[in-house]
Student: 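Once you've had a glance at the structure underneath, I'll fire off some questions.
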Amino acid sequence: MFDLLILVAVILGLIAIAKVIQVLELANNVKGTSSYIVSEKDNRTQARLMPVFLISYFAFIIWQVVKWGDEMLPVSASEHGVVIDQLMNITWMIIIPVFILTHIALFYFAWKYAYDKNRKAQFYAHNSKLEMLWTSIPALVLLILILYGLSVWGDVMAPLTEEDDPIEIELYSRQFDWTARYPGEDGVFGKSDVRLIAGVNMLGLDSTDENAWDDKYVKAEFHIPVNRSVQFYFRSQDVIHSAYMPHFRAQMNCVPGMITQFNFKPTITTAEMREITGNPEFAYYLLCNKVCGAAHYNMKMEIIVESEEDYNNWMNEQKEFMEYGKYSFSNEKNDINKEVLAKSTEAETKNSAL
Amino acid sequence: MSGAAHHHQDNDFLFKYIFSTDHKMISKQFFITGSFMGLIGMFMSTIFRLQLGFPGESFPFLESFMGNWAPDGILSPDKYLALVTMHGTIMVFFLLTAGLSGTFSNLLIPLQIGARDMASGFLNMLSYWFFFISSCIMIASIFVEGGPASGGWTIYPPLSALPQAIPGSGFGMTLWIVSMALFIVSSLLGSLNYIVTVFNLRTKGMSMTRLPLTIWAFLTTAVIGVLSFPVLFAAVLLLFFDRSLGTSFYLSDIYIAGSALEVDGGSPILFEHLFWFLGHPEVYIILLPSLGITSEVVATSSRKPIFGYRAMIGSILAIAFISFLVWGHHMFVTGMNPFLGAVFTFTTLLVAIPSAVKVFNYLTTLWKGNIKFTPAMLFAIGLVSTFITGGLTGIILGDSTLDINVHDTYFVVGHFHIVMGLSGAFGMFCGIYHWFPKMYGRMLNKNMGYAHFWLTLISSYGIFFPMHFLGLAGLPRRYYSNTEFPMFDNLYDLNEIVTWFAILAAFAQVLFLFNVLYSMFKGPKAPQNPWDSNTLEWTTPVEHIHGNWPGEIPEVHRWPYDYSKVDENGDYIGGADFIPQTVPLGENERDEGH
C-alpha cells in the first residue's frame with residue numbers, strides 16, 4: 001500500500017513538473033526566447049563549463065590516486081611479476097600523457113571556439129601530411145609496445161626446464177573451493193578420473209595407479225617455498241573457474257576436460273610481505289576469477305610462501321593419499337581397495353628397503 | 001483524422017502504429033522498445049550496485065517487489081548474478097545493438113541517402129517484430145522458476161549448460177537461448193535490409209563518397225552484424241543441443257551435484273571461440289553507429305566540415321576489418337597456446353591506430369570551428385572523451401602480458417563500460433537530441449538536455465573511473481561482495497562512492513525520459529531544418545509522410561560537409577554557413593568529398 005502511495009506521488013510529481021515546464025515555455029514565447037534554440041548565453045555558459053569540467057575531471061582522478069593509491073596491489077611477489085609491472089609502468093607512461101593532452105585539446109578547443117556570430121569557422125577539410133603524421137606516430141609507438149610486450153610474454157609463458165628444478169602443484173577447482181595436490185615423493189601425479197570421485201577421494205584419484213599413492217592434497221591453504229619455481233597445473237571438475245593469484249601476477253583458467261598450466265617463482269615470503277606492507281595480517285590469496293555460481297565471491301585459498309625448510313616440514317605433516325585409503329575408502333570400491341592396499345604395503349616395503 | 005478516412009480508423013491505427021512498414025515508424029518502435037529495455041537494464045544495475053556499495057545491508061523495499069530474490073531486503077547471491085547477467089544482456093544487445101542501430105539505421109538510411117523507404121518494408125517490419133518478441137521472451141525469463149540466465153552475459157558453459165550448477169541455468173537459460181535466436185533473426189533481417197538499401201536506393205548524385213559518415217557507419221555495422229551474428233547463432237544452437245539433447249560439444253569430464261555426467265570429448269573453449277567471434281565485433285556494432293552519429297553532429301555543430309572525411313571512412317572500414325581478427329584477446333588466460341596470444345595481442349593493438357586517427361580528426365574538426373552547444377553536441381564531446389579514456393586502457397587489456405593480472409577484474413568492467421557502454425549511450429543520446437525533431441516533429445527542451453548531459457557525464461565517470469582502481473587492487477568482477485577477502489577490506493568506501501554515482505545517473509535518466517515523453521506530445525513544433533544541416537533528411541516535410549518526399553526525390557550535388565565554405569572574398573558561398581547537398585556546385589567550386 002505504501003509503495004502504491006509512493007508511485008502515485010511520483011506520477012503526480014511528474015505531472016506537476018510537466019505543468020511547470022509548460023508555463024515556462026509559454027513565458028518563453030511571450031519573451032520571444034525559445035526552449036530549444038541555443039542562445040548566445042547558452043553557448044557562453046556551456047563553453048565555460050568545458051574547462052571547469054576538465055579541471056574537475058583531472059582533480060577527481062588525482063584525488064583517487066592519492067586516496068586509493070595505497071590500496072593497489074603491493075610490489076610483485078614473483079620474479080616475472082616484476083617484469084610485468086615494469087611493462088605496466090611504461091605503458092602508463094605512454095597512456096597518461098596522451099590522455100592528458102587529448103583531453104586538454106578537446107575541452108580547450110570546445111571552450112575557445114564557442115559560437116561567435118562575428119567569426120567564421122575555418123573551412124578545413126583535410127590535410128594529408130597531418131593525417132599521415134597521426135597515423136604513423138601511433139603506429140610506431142604501438143609497434144614498440146607490441147614488441148616489448150611480446151618479448152615479456154614469451155618469457156612469462158616459457159615452459160620450465162629441468163634446470164629450474166620446479167616443484168609441481170595441481171590446483172583443482174570445483175564449486176566452491178580449491179584443492180591443491182602435490183605429487184609426493186615420486187614426483188609424479190597419479191591418474192585421476194571424475195568417475196572415481198567418492199568420499200574423501202575428492203579428486204577422483206585412480207587408486208590402481210601407483211603414482212597416486214603418495215600424492216598429497218590439501219584444502220584451505222597451500223604452501224610453496226620461496227625462490228624456487230613452481231609449475232602449476234589447473235583442473236576443474238564442474239564449471240570453468242579461474243585461478244587468480246594477483247600478488248604473483250598470475251592467472252589461468254581451470255577448464256573441465258583439460259589441464260592448463262602456468263609457472264612462476266615466488267620471491268617474497270608471507271612474513272617478508274607483512275613487513276613490506278606494514279600489515280601484520282597480510283596473506284596471499286588464490287581467488288576464483290571466473291563466475292562459477294552463487295558462492296563465486298567466496299571461493300578462496302590462502303597461499304603461504306615460506307623458506308624451503310619450513311615448506312619441507314609442513315609437507316611432511318601432510319597425509320598421503322594411501323593413508324586415507326587405509327581408513328576410509330568407501331565400501332563400493334572395496335575390491336579395488338583391497339588390491340590397492342596390498343600393493344601399497346608392497347610399495348612401502350620397497351620404499352623402506354631403498 | 002479527416003472524415004473521409006474515418007471508417008478506416010481502426011485499421012489505420014493498426015497499420016500506422018503497429019504493423020507499419022514505414023521505416024520512420026519502425027525506427028520509433030525500435031527506439032521505444034529499446035529504451036524501455038534500457039531502463040530495465042539500468043534499474044537492475046542500480047539494485048545490484050546497492051548490494052555492492054552496501055554489502056549485507058538490508059533494504060526492505062527490495063523485498064517488497066522482489067520477494068524471495070531479496071529475503072529480508074538483502075539481494076541473494078544467485079539473484080545478484082541473475083541481475084548482472086540480465087543487465088549485460090539487455091544493455092549490450094537490446095539497448096545498444098537493436099535500440100541504437102534499429103532506431104538510427106532505420107530512420108536515417110532512407111532519409112539521408114534519398115530513398116522512399118527501405119528496400120523491403122516488410123522484412124523491416126518483421127525485423128522489429130522479431131525483436132519485440134525476443135524482448136518479451138527475455139523479460140519473461142525473469143519470472144520463471146529458478147530465475148533468468150545467471151552465468152554472465154557471456155553464458156560460458158558448463159555453467160550455462162548445467163541446471164545443477166546454478167538455478168538460472170534451468171528454464172531461464174532456455175528462454176535466453178530462444179530469445180537470442182529470435183534476436184539474431186531480427187538483427188539479420190535488419191542488417192541485410194540496410195546493406196541492400198544503401199547499395200541500391202541512393203538518389204541521383206549520391207555517390208558513396210557523398211554519403212554522410214552516419215551512413216558509412218551504419219552500413220559497415222550491418223556488414224559486421226551479418227558476418228558475426230550467425231556465428232553466435234551456431235554457438236547457442238550447440239549449447240541448446242548440449243542442454244536439451246544430451247550432446248557434449250562443450251562438456252567433458254564433469255562431476256557435479258554428487259554424480260559424474262555421461263559427457264565426454266567436448267570443450268568449453270570451443271564455445272568461447274564461437275562466442276567471441278561475435279562478441280568482439282559486437283563491440284564495434286555498438287561503437288560504429290555512435291561514431292557515425294557523433295561525426296555528423298560534431299561537423300554540423302562546429303559549422304565546419306568533418307576533418308579527413310576519407311580517413312574517417314577508411315578508419316571505419318579498418319576497425320571493422322580488424323574487429324574480426326581480435327576475438328582471442330578475451331581468452332588470453334584460457335590456456336590458449338601462447339603463440340596465439342601473441343598474434344591476438346598484435347592484431348588487437350592495431351585497432352588503436354584507426355581509433356587514434358578518429359580522435360585526432362574529431363579534435364581537428366573542433367579546432368577553429370564555431371561551436372553551437374546543442375545538447376547533441378555536448379554528448380558528442382562527451383563521446384570523444386569517453387572514447388579516449390576507455391580506448392587508452394584497452395592498450396593495457398589488449399596486451400596479453402598485462403592482461404594476466406587485470407583480466408576479469410573491475411579494470412575490465414571500467415574499461416568496457418567507458419569505451420563501449422558510455423560511448424554507445426552517448427552516441428545514442430546525441431542522436432536522439434539531434435534527430436528528435438525528425439522523429440516526432442517536435443523539439444526537446446534544451447535546458448533539461450543540458451542538465452541531463454552534465455549529470456550523466458559526471459555520474460558516468462563517477463561510476464566507472466574508480467573501477468580501474470578496484471581492478472588494480474585485484475578485485476574480480478561479478479563478485480557478490482568484497483567482504484570475504486581481507487585484502488579488499490579498504491575498498492568499501494570506493495564501492496560506496498560508485499553506488500552513489502550510479503543512483504545519481506539513474507535519476508539523470510529519469511530527467512531524459514521525462515523530456516522525451518513530454519516533448520513527444522507537448523514540445524514546440526520543429527522547424528524544417530533546426531540545426532542548419534546539409535543532409536537530405538532535413539529536406540523532407542516535418543510531418544511524416546509515406547515515401548518521405550511529396551514530389552521528386554531531390555538530386556544530390558555535393559558532399560554533406562560544406563559548412564562555412566567561403567569564396568575568394570571570404571564570403572559564405574550561398575550566403576549562409578551551410579550549403580545543403582541539394583544545391584548544385586558553383587562554377588569554381590570544388591566537390592570536397594571526391
Side-chain angles (χ1 to χ4, degrees), chain A residues 3 18 35-36 38 43 46 64 68 71-73 84 87-88 91 95 99 102 105-106 109-110 113-115 119-123 125-126 131 134-135 138-139 142 146 149-150 152-153 156-157 194-195 197 237-240 246 249 251-253 255-257 260 285 287 289 291 293-294 297-298, chain B residues 64 77-78 152 156 158-159 165-166 252-256 260 303-305 308 311 333-335 338 342 346 349 352-353 356-357 360 363 366-374 381 384 388 392 399-402 404-405 408 443 445-446 469 472-474 476 478-480 484 490 518 564-565 592:
Chain A
D3 298 321
S35 69
Y36 64 88
V38 178
N43 275 324
Q46 298 302 320
Q64 291 176 78
W68 308 107
E71 305 304 328
M72 303 303 100
L73 289 169
I84 290 186
L87 175 64
M88 184 68 123
T91 310
I95 289 176
F99 170 77
T102 47
L106 174 65
F109 291 163
Y113 299 107
Y115 192 76
R119 194 165 53 83
K120 286 189 175 72
Q122 183 174 339
F123 188 91
H126 46 79
E131 287 167 71
W134 59 52
T135 310
L142 283 165
I146 291 172
L150 290 185
V152 178
W153 174 248
V156 172
M157 301 307 281
V194 288
R195 286 153 199 88
I197 294 174
Q237 80 169 33
D238 40 36
V239 302
I240 302 178
R249 315 295 187 255
Q251 177 164 212
M252 185 53 67
N253 288 1
V255 185
T260 51
Y285 278 105
L287 298 79
N289 195 15
V291 60
Y297 69 104
N298 190 17
Chain B
S64 69
D78 60 322
Y156 281 1
L159 187 60
I166 192 166
S252 186
D253 297 322
I254 290 173
Y255 180 94
I256 194 163
R303 315 308 295 160
K304 255 190 84 180
V333 297
T334 54
F346 180 72
L349 295 193
I353 299 169
V357 170
F360 290 128
L363 294 178
L366 292 176
W367 180 72
K368 294 204 170 176
N370 211 5
I371 302 167
K372 287 183 176 169
F373 290 100
T374 59
I381 292 171
V384 179
I388 296 170
L392 285 172
D399 189 325
S400 52
T401 319
L402 299 178
I404 293 172
N405 217 48
D408 265 347
M443 305 299 293
N445 182 294
K446 70 178 175 192
F469 292 90
L472 291 173
R478 291 171 180 151
Y479 265 26
Y480 169 66
E484 300 304 318
N490 292 332
Y518 174 84
S564 302
K565 200 175 187 184
E592 298 291 336

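Lettering follows sequence order; numbering is per chain, from 1. The basis for the numbers below is simple: all heavy atoms, side chains too, and nothing from hydrogens, waters or symmetry mates.
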Student: Pick from B:S252, B:G152, B:P338: which one has the most heavy-atom pairs with chain A under 4.5 Å?
Tutor: B:P338

Student: Testing the basics here: between B:A473 and A:M72, what is the closest heavy-atom pair and its distance to 0.1 Å?
Tutor: N-SD, 3.9 Å

Student: Donor-acceptor pair, distance only, cut-off 3.5 Å: does the side chain of A:Q122 make one with the backbone of B:K368?
Tutor: no

Student: Do side-chain atoms of B:W367 reach the backbone of A:F109 as a donor and acceptor pair under 3.5 angstrom?
Tutor: no

Student: What residue in A:A105, A:A139, A:A110 has the most heavy-atom pairs under 4.5 Å with chain B?
Tutor: A:A110

Student: Over all heavy atoms of both residues, which pair between B:A352 and A:L142 is shortest? Give the atoms and the distance, please.
Tutor: CB-CD1, 3.3 Å

Student: For A:V291, is it the side chain, the backbone, both or neither that has a heavy atom under 4.5 Å from a heavy atom of chain B?
Tutor: both

Student: Can you tell me if B:N370 uses its side chain to pair, donor with acceptor, with the backbone of A:R119 under 3.5 Å?
Tutor: yes

Student: Side chain of B:R478, backbone of A:Y297: donor and acceptor closer than 3.5 Å?
Tutor: no

Student: Could you state the interatomic distance from OH (A:Y115) to CZ (B:R303), rounded to the nearest 0.5 Å?
Tutor: 7.0 Å

Student: Do the non-hydrogen side-chain atoms of A:P256 and B:P158 ever get within less than 4.5 Å of each other?
Tutor: yes

Student: Give me the one residue out of B:D399, B:T401, B:L402 that meets side-chain contact (heavy atoms from CB on, under 4.5 Å) with A:V152.
Tutor: B:T401

Student: How many angstroms lie between OH in B:Y255 and CD in A:Q237, if you round to the nearest 0.5 Å?
Tutor: 7.0 Å

Student: Could you have a look at A:G293, A:G149, A:A114, A:S35 and say which one has the most heavy-atom pairs with chain B under 4.5 angstrom?
Tutor: A:S35

Student: As an exercise: rank B:N490, B:V384, B:D78 by heavy-atom pairs under 4.5 Å with chain A and give me the winner.
Tutor: B:N490

Student: Any side-chain heavy atom of B:I254 within less than 4.5 Å of one from A:V194?
Tutor: no

Student: Less than 4.5 Å to any heavy atom of chain B: does that hold for the side chain of A:Y36, its backbone, both, or neither?
Tutor: both

Student: Are more than 12 heavy atoms from other residues, nucleotides or ligands located less than 6.0 Å from atom OH of B:Y518?
Tutor: yes

Student: For residues B:I404 and A:R249, report the shortest heavy-atom separation together with the two atoms involved.
Tutor: CG2-O, 3.4 Å

Student: For A:T260, is it the side chain, the backbone, both or neither that has a heavy atom under 4.5 Å from a heavy atom of chain B?
Tutor: side chain

Student: Examine whether an atom of B:Y156 lies under 4.5 Å from a heavy atom of chain A, and if so say whether it belongs to the side chain, the backbone or both; otherwise answer neither.
Tutor: side chain

Student: Could you measure the distance from the OG1 atom of B:T334 to the CG atom of A:N253? Nearest 0.5 Å is fine.
Tutor: 6.0 Å

Student: Are B:L392 and A:F99 side-chain neighbours, meaning at least one heavy-atom pair lies under 4.5 Å?
Tutor: yes

Student: Nearest heavy-atom pair of A:G257 and B:D253: which atoms, and what distance?
Tutor: CA-OD2, 3.6 Å

Student: Can you tell if the side chain of B:L472 reaches within under 4.5 Å of the side chain of A:W68, non-hydrogen atoms only?
Tutor: no

Student: Please check: side-chain N/O of A:N298 versus main-chain N/O of B:E484, any donor-acceptor pairing under 3.5 Å?
Tutor: no

Student: Below 4.5 Å from any heavy atom of chain B, which atoms of A:E71 appear? Answer side chain, backbone, both or neither.
Tutor: both

Student: Tell me, for A:T91 versus chain B, whether the close heavy atoms (under 4.5 Å) come from the side chain, the backbone, both or neither.
Tutor: side chain

Student: Distance check, rounded to the nearest 0.5 Å: B:K446 atom NZ versus A:Q46 atom CD?
Tutor: 10.0 Å

Student: A:F123 and B:S564: which non-hydrogen atoms are nearest, and at how many Å?
Tutor: CB-O, 3.5 Å

Student: Of the listed residues (B:D408, B:N445, B:I166), which shares the most heavy-atom pairs with chain A below a 4.5 Å separation?
Tutor: B:D408

Student: Go through B:A356, B:A260, B:A342 and name the one with the most non-hydrogen pairs under 4.5 angstrom from chain A.
Tutor: B:A342

Student: Does any non-hydrogen side-chain atom of A:M88 lie less than 4.5 Å from one of B:N405?
Tutor: no

Student: To check you understand the geometry: which heavy-atom pair defines the closest contact between B:I256 and A:D238, and what is its length?
Tutor: CD1-CB, 3.8 Å

Student: Find the one option among A:V38, A:L150, A:N43 whose heavy-atom pairs under 4.5 Å with chain B are most numerous.
Tutor: A:N43

Student: What part of B:F360 gets within 4.5 angstrom of chain A, counting heavy atoms only: side chain, backbone, both, or neither?
Tutor: both

